[in-house]
Amino acid sequence: MPSIFTTVGKQLRNHPALIPLFIFIGGGATMSVTYLCRLALKNPDVSWDRKNNPEPWNKIEPDQQYKLFSVNMDYSKLKKDRPDF
């Protein structure tokens, strides 16, 4: 019984128009997994260690950007508007 990679390789040799489809679907899947990993590791709403850092959102500086993309916000000009806990 041939493996799935052998079968896909044969199909791609017979139908080369499928190659861009595999490239774009593979790239999209890679980018989505990368973004989900970034959200899980960098987002202050996610707390992996509740003993040492129970409230990670309080450790963010006012001028620290944690969003991936910001349209009209300049984080370097923000001032502290919240109390220290």
Side-chain angles (χ1 to χ4, degrees):
M1 183 168 168
S3 71
I4 191 165
F5 297 114
T6 307
T7 307
V8 169
K10 287 179 183 177
Q11 289 294 322
L12 288 178
R13 274 188 241 110
N14 290 337
H15 305 286
L18 293 176
I19 293 173
L21 179 69
F22 276 89
I23 290 172
F24 283 105
I25 288 178
T30 303
M31 286 189 288
S32 64
V33 167
T34 304
Y35 183 67
L36 284 175
C37 291
R38 184 193 182 282
L39 282 178
L41 297 175
K42 298 286 185 180
N43 198 347
D45 297 333
V46 179
S47 178
W48 289 97
D49 186 12
R50 292 185 185 240
K51 290 181 184 176
N52 296 326
N53 193 8
E55 296 176 343
W57 49 88
N58 285 334
K59 303 245 184 212
I60 296 176
E61 298 297 323
D63 59 348
Q64 181 182 356
Q65 178 180 352
Y66 68 91
K67 292 184 177 183
L68 181 65
F69 182 71
S70 177
V71 178
N72 292 327
M73 183 66 104
D74 187 12
Y75 284 90
S76 63
K77 296 180 181 176
L78 288 179
K79 296 181 181 173
K80 186 174 182 180
D81 63 345
R82 57 187 180 239
D84 290 329
F85 289 107

Q.
Test of understanding: with side-chain hydrogen bond (donor to acceptor under 3.5 Å, both in side chains), list the residues that count as partners of T30, not counting sequence neighbours.
A. none
Q: Group every Ile, Leu, Val, Met, Phe, Trp and Tyr by side-chain heavy-atom contacts under 4.5 Å, then state whether L12 and I23 land in the same group.
A: yes
Q. Hydrophobic cluster mates of F24, side-chain heavy atoms under 4.5 angstrom, ILVMFWY only, any path?
A. none
Q. Which residues satisfy the side-chain contact (heavy atoms from CB on, under 4.5 Å) test with L21, sequence neighbours excluded?
A. L18, I25
Output a table of donor-acceptor pairs, distance under 3.5 Å, between side-chain atoms of residues 4-11 and any protein atom two or more places apart or on a different chain; print 'none' if there are none.
from : atom 1 : to : atom 2 : distance (Å)
T6   : OG1    : S3 : OG     : 3.1
T7   : OG1    : S3 : O      : 3.1

